[in-house]
Amino acid sequence: MTMEYTHVLGDIPTLANGASPRGEWENLDAVWVAVRPYLRTRANDIHLPLSFNFAELLLDHHPEADSLVTRLAILLHDTGWARVDEDRIISEGFRSDNAMQSDIRVLHEIEGCNIAREVLPPLGYSDEVVDAVCKIIDGHDTDPNHDGIEDAIMRDADRLWRFQPTGMAFSALWFGKTPQEIRLRLEDTIYGQLITPEARAIAEVELARSIELLKLDVIQ
């Protein structure tokens, strides 16, 4: 799918124009506190809150989705990186020939599920909720197929932060690329991986704003 620029910043509620999600959902602060030891690795203390907000923006458009399962899944999906070797995260998880299906990515999904099963039951979440969350975490990077709207929203929210300057900056560091190269990858590859039309609209306006802020049409 070729990336389009048919939406403008003022038309799409998103983080770039200061929009906040409108939904009223269960407070998850206790979960954030419980996973705090797992948030620093791979800048997850930045990636996860931003992706969480994108998930809530998408949930505003999808009342049919289980908001609790979706929000828990995006909150926890990358915590497993904290239990794998940090050098391998870069060498195998970002810069290998088959990075997205690498063993290290499979391992972070497994450990993310393990962490979910450790932290959620003591906070009162049912086995049914935990199983649904783990089903989404398992394969979120390595399986190209999504299963249900909750999985779709989580995957889209996970990708959307990359269209912001913050996500582009970290991607440039992790992949060893320039911001311009990351921009082209977003336009040529990542945009086409977005599942929901709402996510594609958000991506358009977020990346257009990033291109403007980072002067990527000037600094080639």
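Note that these values count all heavy atoms, side chains included, but never hydrogens, waters or copies made by symmetry.
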Is [Y] close to [X] at the side-chain level, that is, under 4.5 Å between some pair of heavy atoms?
X    : Y    : value
W32  : L75  : yes
D141 : D158 : yes
L160 : E206 : no
L57  : L15  : yes
W81  : H47  : no
E56  : W25  : yes
L120 : V31  : yes
R83  : I115 : yes

Checklist entry - Partners of Y38 by ring-ring contact (aromatic ring centres under 6.0 Å, His included), sequence neighbours excluded? => result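 Result, ring-ring contact (aromatic ring centres under 6.0 Å, His included) vs Y38: none returned.
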
Checklist entry - Judged by modelled atom types alone, do H61 and E198 share a side-chain donor-acceptor pair under 3.5 Å? => result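 Their side chains do not contain a donor-acceptor pair, so the 3.5 Å distance test is not met.
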
Item to check | Residue list, side-chain contact (heavy atoms from CB on, under 4.5 Å) with R36, at least two apart or on another chain | outcome: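 side-chain contact (heavy atoms from CB on, under 4.5 Å) check on R36 returns V33.
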
Item to check | salt bridge (Lys or Arg N to Asp or Glu O under 4.0 Å) partners for E212, two or more places apart | outcome: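 E212 satisfies salt bridge (Lys or Arg N to Asp or Glu O under 4.0 Å) with R209 only.
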
Next on the checklist: List the residues meeting salt bridge (Lys or Arg N to Asp or Glu O under 4.0 Å) with E4, not counting sequence neighbours, and say none if there are none.
Outcome noted: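 Scan of E4 (salt bridge (Lys or Arg N to Asp or Glu O under 4.0 Å), adjacent residues dropped) gives none.
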
Item to check | Reported NE2-to-OG1 distance for the pair H62 and T70, which is rounded to 0.5 angstrom | outcome: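 Here the interatomic distance stands at 10.0 Å.
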
Item to check | Stepwise side chain to side chain contact (heavy atoms under 4.5 Å, CB included) test for E150 and L72 | outcome: CA-CA 10 Å; E150 295 83 8; L72 287 171; over 6 Å; no

Checklist entry - Do NZ/NE/NH1/NH2 and the carboxylate oxygens of E181 and R185 come within less than 4.0 Å? => result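 A salt bridge is absent here (no side-chain N lies under 4.0 Å from a carboxylate O).
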
Checklist entry - Is the closest basic N to carboxylate O distance between D131 and K135 below 4.0 Å? => result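 Between K135 and D131 there is no salt bridge, as every charged N stays at least 4.0 Å from the carboxylate O atoms.
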
Next on the checklist: Taking salt bridge (charged side-chain N to carboxylate O under 4.0 Å, His left out) as the cut-off, I'd like each qualifying pair that reaches into residues 73-82, sequence neighbours left out, listed once.
Outcome noted: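 Found R42-D78.
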
Checklist entry - ring pair (Phe, Tyr, Trp, His ring centres under 6.0 Å): which pairs involve residues 117-143, sequence neighbours left out? => result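 Those involving residues 117-143 are H77-H140, H108-H140.
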
Item to check | Audit row: L207, Y5, side chain to side chain contact (heavy atoms under 4.5 Å, CB included) steps and yes/no | outcome: CA-CA 9 Å; L207 186 55; Y5 287 95; 3.2 Å; yes

Checklist entry - Should T166 and W161 be marked as a side chain to side chain contact (heavy atoms under 4.5 Å, CB included) after you check the CA-CA gap, both sets of side-chain angles, and the distance that decides it? => result CA-CA 8 Å; T166 301; W161 91 299; 4.1 Å; yes

